[in-house]
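Scroll down for the structure; my scribbles are underneath it.
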Amino acid sequence: MRLSNYFLPVLKENPAEAQIVSHRLMLRAGMVRQSSAGIYSWLPLGLRVLNKIADIVRQEQALAGALEMLMPTLQPAEIWRESGRYDDYGKEMLRITDRHDRDLLYGPTNEELITQIFRDSVRSYKELPRNLYHIQWKFRDEIRPRFGVMRGREFLMKDGYSFDIDEANARRAYQKIFVSYLRSFKRMGLQAIPVAADTGPIGGDLSHEFIILAETGESEVFCHSDVLTQPVPEADYTADLTPVIDGYTQHYARSDEMHDAAKFEAEVPEDKRLTARGIEVGHIFYFGTKYSNAMKALVTGPNGKDVPVHMGSYGIGVSRLVGGIIEACHDDEGIVWPWAVAPFHIGLINLKPGDDATDALCEQLYQNLTDHNLDVLYDDRDERAGAKFSTMDLIGLPWQAVIGPRGAKAGEVEIKNRVTGEKQTVALEAAIKIMSQPPA
RNA sequence: CGGGGCUUGGCGCAGUCUGGUAGCGCACCUGGUUUGGGACCAGGGGGUCGCAGGUUCGAAUCCUGCAGCCCCGACCA
């Protein structure tokens, strides 16, 4: 992509309304614009990151056997009355009336709708297990939206739902998603800590929040530091996952909501106690037959009797992750994107557009990198060098490639590692080779 | 919803106390000089001061009401 053709409205100064770093940087880097409180437009650069995160989620969901679908944002009130949540949900739910005076709502989550779809289509245990998910915009009319996209009212969420014949099978479905979440966050360059979460009226041990560490996080995490060194498993979903899950869950790990100081001190040796702040980016739980009972989602079992299906639901805050990743990955100059979610891999800076040799070498490198399936943002604008450097640092692409008249004459490219700031001057071919890989 | 703060060109702000008809920096446009870390000079365009009402000869400034946004708390991916 040529920057001269792109829409990248960067801000030199910090917008007054943005208090936390990810919000400031997202506005400054031209990723989002606020529409109203907690509601954002995603500009081209921001949308690229959002899509990269969603694609990682998609790939990992597919490996775990989940199927993508797409449900609408607007749902009829009736099914929520069936489950009993229409009244329970309160003011957080945005209610809408159409021209025929029918009650609709902008979905804050999709248990009811997926349960309706499932019950209308599945009759036999032989069609189980199933795991269906979608990535769709949600709306929760938060009392106080804040922190940019981290706590928006409208947000993009991957939400998945599993259907099984009994609790034992549901537990297995839960484990698969547990593993897929560990893998997904890892691929995004994040260290996620699964912490025990409140299971509500269902009880049991099958609810976990996934929290990434960040200074500005809203949650406080208390855990055994060995949780941080647990291996992220291979995507082998035919294996017994229990040992992997136990590796994580055998140690104390809780957020402030569930924290038990006495238990923490009793179970965790002093030198292993980790207390840190974090951001909740995922939440999974098993809720048994809560919705299948209320909404009569029954299947006929092997014995010929109808039984309600056992369900679980699994959420990842896709739009929140954009902010979360920035909270975890930035420095004084701007964002420092992990390779896997970077909007572009490489920022190519032409220091002197109009200079024939410089233009030619830039074009050549741009073409070669693109041919290697790398995403390149080529700054071909007629701007001063300093402005280009600052913009590139701000938007945080993993590699910067700088070509000016000096280098063009020698056929050399200066490449900069955005993570370390380290620069080296190399020949064209070597530059391509180096920048094909994530910076160390 | 409770507490606090803010609202003046695209962005960041001053002016409000002590009413006199709007200013600064950045950005933008034109010309020139510059050109490896957010250039310089000259010229120029753009706001009636969140909205509504009131007081006054006169309101960004005083009064009343409303709205939006931000921060702290209770709630959430």
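Every chain is numbered from 1 and lettered A, B, ... according to where its sequence line falls, protein lines coming before strand lines.
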Would you measure the distance from the [atom1] atom in [N] across to the matching atom in [M] and give it in whole Å?
N: B:A60; M: B:C70; atom1: P; value: 28 Å
N: B:G50; M: B:G9; atom1: P; value: 8 Å
N: B:G10; M: B:G46; atom1: P; value: 13 Å
N: B:C69; M: B:U34; atom1: C1'; value: 42 Å
N: B:C49; M: B:U8; atom1: P; value: 11 Å
N: B:A42; M: B:C26; atom1: P; value: 12 Å
N: B:U55; M: B:U64; atom1: C1'; value: 11 Å

Watson-Crick or G-U wobble partner for [N], using a 3.5 Å limit on both distances?
N: B:C76; value: none
N: B:G47; value: none
N: B:G25; value: B:C11
N: B:U34; value: none
N: B:G19; value: none
N: B:U64; value: B:A52

Geometric class of the A:Tyr378/A:Tyr366 ring pair [parallel <30°, tilted 30-60°, perpendicular >60°]: tilted

Geometric class of the A:Phe344/A:Tyr6 ring pair [parallel <30°, tilted 30-60°, perpendicular >60°]: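 A:Tyr6 vs A:Phe344 ring planes: perpendicular.
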
At 4.0 Å (heavy atoms only), tell me whether [X] reaches a base, stays on the sugar-phosphate, or touches nothing.
X: A:Val281; value: sugar-phosphate
X: A:Gly152; value: base
X: A:Gly404; value: base
X: A:Glu92; value: sugar-phosphate
X: A:Thr391; value: base
X: A:Gln34; value: sugar-phosphate
X: A:Ile143; value: base
X: A:Asp159; value: nothing
X: A:Ala387; value: base
X: A:Glu17; value: sugar-phosphate
X: A:Gln19; value: sugar-phosphate
X: A:Arg28; value: base

[X]/[Y] aromatic ring centres below 6.0 Å:
X: A:His224; Y: A:Tyr252; result: no
X: A:Trp339; Y: A:His345; result: yes
X: A:Phe285; Y: A:Tyr314; result: no

A:Ile211 and A:Ser255: CA distance, side-chain angles, deciding distance, side-chain contact (heavy atoms from CB on, under 4.5 Å) verdict: CA-CA 9 Å; A:Ile211 295 183; A:Ser255 69; 4.0 Å; yes

Where chain A begins and ends its contact with RNA chain B, read 5' to 3' at 4.0 Å from heavy atoms: B:C1 to B:A77

Side chain A:Lys52, main chain A:Ala342, donor-acceptor under 3.5 Å: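 Answer holds: yes.
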
Side chain to side chain donor-acceptor pair (under 3.5 Å) contacts in which one or both residues fall within residues 315-326 of chain A, not counting sequence neighbours: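 Side chain to side chain donor-acceptor pair (under 3.5 Å) check on residues 315-326 of chain A returns no pairs.
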
Carboxylate-amine/guanidinium contact A:Glu422 A:Lys416, below 4.0 Å: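 So A:Glu422 does not pair with A:Lys416 through a salt bridge.
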
